Amino acid sequence: MSAIYIPLNSFFDKKISMKDLLQAISIVGKSKATGIEIRRELIKEEDLLPVLQNIQPILHKADLYTVYSAPIPVWNNLGTVNEQALHTVLEESNFLSAQWVKLPLGHYDKKKSDLQALGKILKKYPNVSLLVENDQTVEGGKIQPLASFFENASILGLKIRMTFDIGNWAFQQEDAYEAFQIFHPYIFYFHLKHVVKQGNLFFTVPLPPEQTADWRRIDQGISASIPRALEFSLEKSMEEINKYIDIVQSNQGRGNSHAIN
């Protein structure tokens with residue numbers, strides 16, 4: 001069965017206190033989840049480093065693996081590598097002992113974005129690996145730029161993998177199953193959610209449990225060894241988390257789980 005991670009934004013949608021964070025870690029640690037996704041945008045900037053330092057031993061004691069996520073794009077508006085910001089986030093991840101950092105693509109341009117420059121930055125952080133996610137933006141949520149990025153990074157031998165967010169494709173009117181077929185070789189982390197459209201707005205809702213639900217088709221197409229994350233609103237309770245973990249894992253019924261390590 002898949003390892004299941006719980007992103008902090010499944011519990012919170014605004015800045016949180018240390019008390020909130022410790023409560024979330026405690027609940028996730030007591031559940032069937034394997035790990036937690038720490039979201040940089042939910043921690044106050046002035047508290048960030050001490051918070052990361054303080055929760056590292058707590059996460060270790062709770063036996064939770066950690067993904068560090070930040071809404072900081074790899075490529076800036078000019079199509080050049082977001083160098084200083086990348087150094088900052090990668091250094092922050094070391095405080096957590098996180099082995100994976102999840103970032104959005106940003107403005108990648110195959111004609112001028114220097115992948116070798118990105119590779120040099122990543123080499124300075126051998127204990128951390130980069131996961132690039134399809135987000136909800138035009139620049140980072142369309143199939144074409146992401147496909148170009150991963151193809152060219154692969155040619156250069158850069159060990160960059162993908163966070164495939166099953167629901168974000170809807171925000172850019174892309175077909176999730178088509179995207180899955182293209183990005184399947186690069187996927188290492190799988191964000192599960194269900195997105196519905198009401199008028200001109202999109203809303204993320206919990207996974208529908210029906211056997212005919214769209215998410216099941218893609219989920220069944222990827223190895224159970226790939227970790228999943230439940231990225232939708234959850235009650236802060238072990239029972240709620242375990243309910244959805246059981247739904248996801250019963251959709252597989254094969255393979256062995258592994259943590260991101």
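Hydrogens, waters and symmetry mates play no part in the numbers below; they use all other heavy atoms, side chains included. None of the values given here were measured: they were computed from a predicted structure.
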Tell me if the [atom1] atom of [X] is crowded by more than 12 foreign heavy atoms within 6.0 Å.
{"X": "H60", "atom1": "NE2", "answer": "no"}
{"X": "D214", "atom1": "CG", "answer": "no"}
{"X": "Q116", "atom1": "CD", "answer": "no"}
{"X": "K197", "atom1": "NZ", "answer": "yes"}

Which atoms form the tightest heavy-atom contact between [X] and [Y], and what is the distance?
{"X": "S31", "Y": "M238", "answer": "CA-CG, 3.6 Å"}
{"X": "I6", "Y": "I36", "answer": "O-CG1, 3.3 Å"}
{"X": "V195", "Y": "G167", "answer": "CG2-O, 3.4 Å"}
{"X": "W75", "Y": "L115", "answer": "CZ2-CD2, 3.7 Å"}
{"X": "P145", "Y": "Y108", "answer": "O-CD2, 3.8 Å"}
{"X": "Q249", "Y": "S2", "answer": "NE2-O, 2.7 Å"}

Are [X] and [Y] connected, step by step, through hydrophobic side chains (Ile, Leu, Val, Met, Phe, Trp, Tyr) whose heavy atoms are closer than 4.5 Å?
{"X": "L49", "Y": "V101", "answer": "yes"}
{"X": "Y177", "Y": "I187", "answer": "yes"}
{"X": "F203", "Y": "F232", "answer": "no"}
{"X": "V205", "Y": "F12", "answer": "no"}

Determine yes or no for a side-chain-to-main-chain donor-acceptor pair under 3.5 angstrom, with [X] supplying the side chain and [Y] the backbone.
{"X": "D135", "Y": "P104", "answer": "no"}
{"X": "S26", "Y": "Q23", "answer": "no"}
{"X": "N76", "Y": "G79", "answer": "yes"}
{"X": "S10", "Y": "L230", "answer": "yes"}
{"X": "D165", "Y": "N134", "answer": "no"}

Does the side chain of [Y] come within less than 4.5 Å of [X]'s, by heavy atoms?
{"X": "R228", "Y": "Q252", "result": "yes"}
{"X": "K159", "Y": "L122", "result": "no"}
{"X": "F149", "Y": "V132", "result": "yes"}
{"X": "E178", "Y": "I143", "result": "yes"}
{"X": "R40", "Y": "L48", "result": "yes"}
{"X": "I43", "Y": "I38", "result": "yes"}
{"X": "I121", "Y": "E83", "result": "yes"}
{"X": "L64", "Y": "Y5", "result": "no"}

Between [Y] and [X], is there a side-chain donor-acceptor contact under 3.5 Å, judged purely by atom types and distance?
{"X": "H191", "Y": "E37", "result": "yes"}
{"X": "D219", "Y": "N251", "result": "yes"}
{"X": "E91", "Y": "Y125", "result": "yes"}
{"X": "S250", "Y": "D246", "result": "no"}
{"X": "E231", "Y": "N9", "result": "yes"}

Short N-O contact, E45 and K15, less than 4.0 angstrom: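 Here E45 does not pair with K15 in a salt bridge, since their nearest N and O are not under 4.0 Å apart.
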
Ion pair R39/E41, N-O distance below 4.0 Å: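 Yes.
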
Look up atom [atom1] in [X] and atom [atom2] in [Y], then write down how far apart they are to the nearest 0.5 Å.
{"X": "I58", "Y": "I25", "atom1": "CD1", "atom2": "CD1", "answer": "6.0 Å"}
{"X": "Y68", "Y": "L131", "atom1": "OH", "atom2": "CG", "answer": "14.5 Å"}
{"X": "K32", "Y": "N242", "atom1": "NZ", "atom2": "CG", "answer": "5.0 Å"}
{"X": "L86", "Y": "L118", "atom1": "CG", "atom2": "CG", "answer": "6.5 Å"}
{"X": "L103", "Y": "L90", "atom1": "CG", "atom2": "CG", "answer": "7.0 Å"}
{"X": "L59", "Y": "L52", "atom1": "CG", "atom2": "CG", "answer": "9.5 Å"}

Chi angles and distances behind the ring-ring contact (aromatic ring centres under 6.0 Å, His included) call for Y65, W100: CA-CA 10 Å; Y65 290 91; W100 294 93; over 10 Å; no

Name of the residue among L21, I241, D20, L42 meeting side chain to side chain contact (heavy atoms under 4.5 Å, CB included) with F11: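 One option only clears the test, and that one is I241.
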
Name of the residue among Y186, F150, W169, W215 meeting ring-ring contact (aromatic ring centres under 6.0 Å, His included) with F164: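 For F164, the ring-ring contact (aromatic ring centres under 6.0 Å, His included) test succeeds with only one of Y186, F150, W169, W215, which is W169.
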
Non-neighbouring partners of Q172 that pass side-chain contact (heavy atoms from CB on, under 4.5 Å), sequence neighbours left out: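 Counting only residues at least two positions away or on another chain, Q172 forms a side-chain contact (heavy atoms from CB on, under 4.5 Å) with V138, K142, E174.
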
Cationic tip of R161 above Y189 ring, under 6.0 Å, 45° of axis: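 Because its charged atom misses either the 6.0 Å distance or the 45° angle limit, R161 does not stack over Y189.
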
